[in-house]
Structures are given as structure tokens and as C-alpha cells.
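A short worksheet on the structure shown next.
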Amino acid sequence: MYFDTHCHLNSEQLYEKRADYVRHAMDCGVDHMVVVGYNLKASELAVAISHEFENVYAAVGIGPEDCLDTDAEELAKLEALLTKPKVVALGEIGLDYHWDTVPPQKQKAIFRAQLELAKKYQQIVVIHCRDAMQDTYEILAGAGVKGIMHCYGGSVEMAQRFIKLGFKISLAGPVTFKNARIPKEVAAKLDLKDLLIETDAPYLAPTPLRGKINEPANVVYTASEIARLRGVSVEEVARQTTENAMKVFRI
Ligand SMILES: [Zn+2]
């Protein structure tokens with residue numbers, strides 16, 4: 001009944017025991033998930049994993065922290081993945097100004113090139129945005145694609161602007177953190193029809209598991225906190241966010 005819209009079973013921390021994590025998730029009612037790529041190798045792995053398990057899907061893309069050496073040849077290899085079975089999105093892609101590893105100009109160029117690919121193959125996009133809200137918004141506003149703002153950390157007002165562009169807002173573990181005033185406000189105030197839930201596993205384990213390796217089963221904690229903040233049942237949050245995810249990924 002829960003849909004983890006963003007996890008990395010393709011990461012070093014989770015890959016080896018991926019079958020255990022998938023089984024544990026299913027046992028906890030997390031019966032759908034999308035494994036998200038962040039570079040070419042992780043994207044290829046995401047596709048392979050999606051073919052190993054039922055109800056596990058893949059997103060393929062080159063993220064802002066991994067695009068320093070991305071060239072036309074690498075983009076062509078990514079393009080070839082976009083039409084594989086069970087690939088439901090292009091991502092994660094976007095801008096990250098938190099670390100200084102890749103110059104913003106390069107990040108923007110690779111972001112734009114992948115938005116063009118999304119348009120060409122009519123894929124939705126999964127957006128990674130960190131300390132780059134305004135630039136991300138400006139690029140998406142002119143891109144003509146729809147998708148998901150993953151692990152959204154901005155304001156309610158900014159969320160409404162992304163929603164107007166055709167984006168869903170995905171909330172992760174941070175909404176459960178005690179001092180996360182703004183994510184809690186986003187969880188409480190947006191229309192439930194615009195929200196998705198995710199773990200971003202192995203990162204960002206929710207309270208009460210903070211600091212541990214995160215896994216898809218833990219998306220339940222995020223759903224519970226959203227339900228508490230909205231004064232509705234966790235079943236309703238699970239049902240509506242799953243319906244939203246099915247719709248946006250066209251499953
Ligand atoms: Zn991610």
C-alpha cells in the first residue's frame with residue numbers, strides 16, 4: 001500500500017543485500033518502489049534491479065554531482081536506457097550548489113541536455129535540487145516537462161510554483177526530524193494529491209532511525225508523520241500518495 005518513489009538499491013551500501021531490502025519492504029506494506037540512477041553506472045544497475053523484482057521500477061539519469069566528465073557519448077548511452085522496460089522516469093537530474101565539485105555552468109548544461117531527452121522520449125523527470133532553488137525553477141519553467149521534486153526542502157510558496165509547472169512534491173525522512181519546521185509545513189498545507197513519499201535510502205533515515213542506513217521499508221515513518229501533521233489516517237496518506245505515484249509514473 002506504500003510507494004517509495006525514490007531509493008538507491010543501486011548504491012554501494014544497499015546493492016549486495018537488495019533482495020533482503022525488497023523483501024523487508026514488501027513485508028512492511030511498501031509494495032512499490034523506484035530505484036533511481038545518479039550516474040551512468042548506477043542507472044544501468046537501476047534498470048537491472050528493476051528486472052529482478054516485481055513492482056520495482058527504474059529511473060535513469062546523471063545527477064549534478066556526477067556530471068563533471070559527462071559528454072555526448074555518455075548522454076547517448078543514457079538515451080539508450082530510456083526506452084528499456086520498467087524505466088518510468090529520467091532522473092535524478094538537477095542542480096546542487098552545496099558541494100563545489102562541478103561548476104554550475106556544467107551542471108546547467110547537462111541538466112538542460114537531459115530535459116531535452118525527457119521531452120524527446122516523453123519521460124517525466126526526477127529533480128534533485130540543493131541550494132539552487134531559483135536556478136532550478138527558471139530552467140524547469142521553460143523546459144516543458146513534468147515530474148517530481150525529490151526530497152523537497154523548500155517553502156510552501158515555492159512548492160506551489162513547482163506544482164503549477166506540473167510537478168509533484170516528494171517528502172523524505174527529514175519531515176520526521178524534530179526541528180524540520182518548513183518540511184512539516186509543506187506536509188501539512190499542500191493538497192494531498194500533490195504529495196509523494198520516498199526514503200532516498202540509504203540516506204536520510206527518518207526518526208527514530210536517524211544515523212542508520214536507510215531502507216525502503218522506512219518510508220512508513222514518513223507517511224505516519226505526514227498523517228499526524230494533517231490529522232488524517234496513515235492509510236489515507238498511503239492510499240493517496242500511492243495513487244499519485246502510479247499516475248505520475250504511468251504504472
Ligand atoms: Zn537520490
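As the structure lists them, so they are numbered: ligands from 1, and atoms in each ligand from 1. Only this structure's heavy atoms are used, side chains among them; waters, hydrogens and symmetry mates stay out. In this text, all values refer to a predicted model and were calculated from it rather than measured experimentally.
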Could you tell me whether any N, O or S atom belonging to His8 is less than 2.8 Å from the Zn ion (ligand 1)?
yes
Do Phe162 and Tyr137 make the cut of ring centroids closer than 6.0 angstrom?
yes
Is it true that His128 and Asp96 share a donor-acceptor pair across their side chains at a distance under 3.5 Å?
yes
Any idea which N/O/S atom from Glu92 gets closest to the Zn ion (ligand 1)?
OE2
Do you know which N/O/S atom name in Asp200 is closest to the Zn ion (ligand 1)?
OD1
May I ask you to establish whether Arg18 and Tyr15 are in a cation-pi arrangement, using a distance under 6.0 Å from NZ or CZ to the six-membered ring centre and at most 45° from the ring axis?
yes
I'd like to know: is the Zn ion (ligand 1) within the 2.8 Å range of an N/O/S atom from His6, strictly under that distance?
yes
Looking at Lys184 and Glu225, is there a salt bridge between them, counting it only when a charged N and a carboxylate O are closer than 4.0 Å?
yes
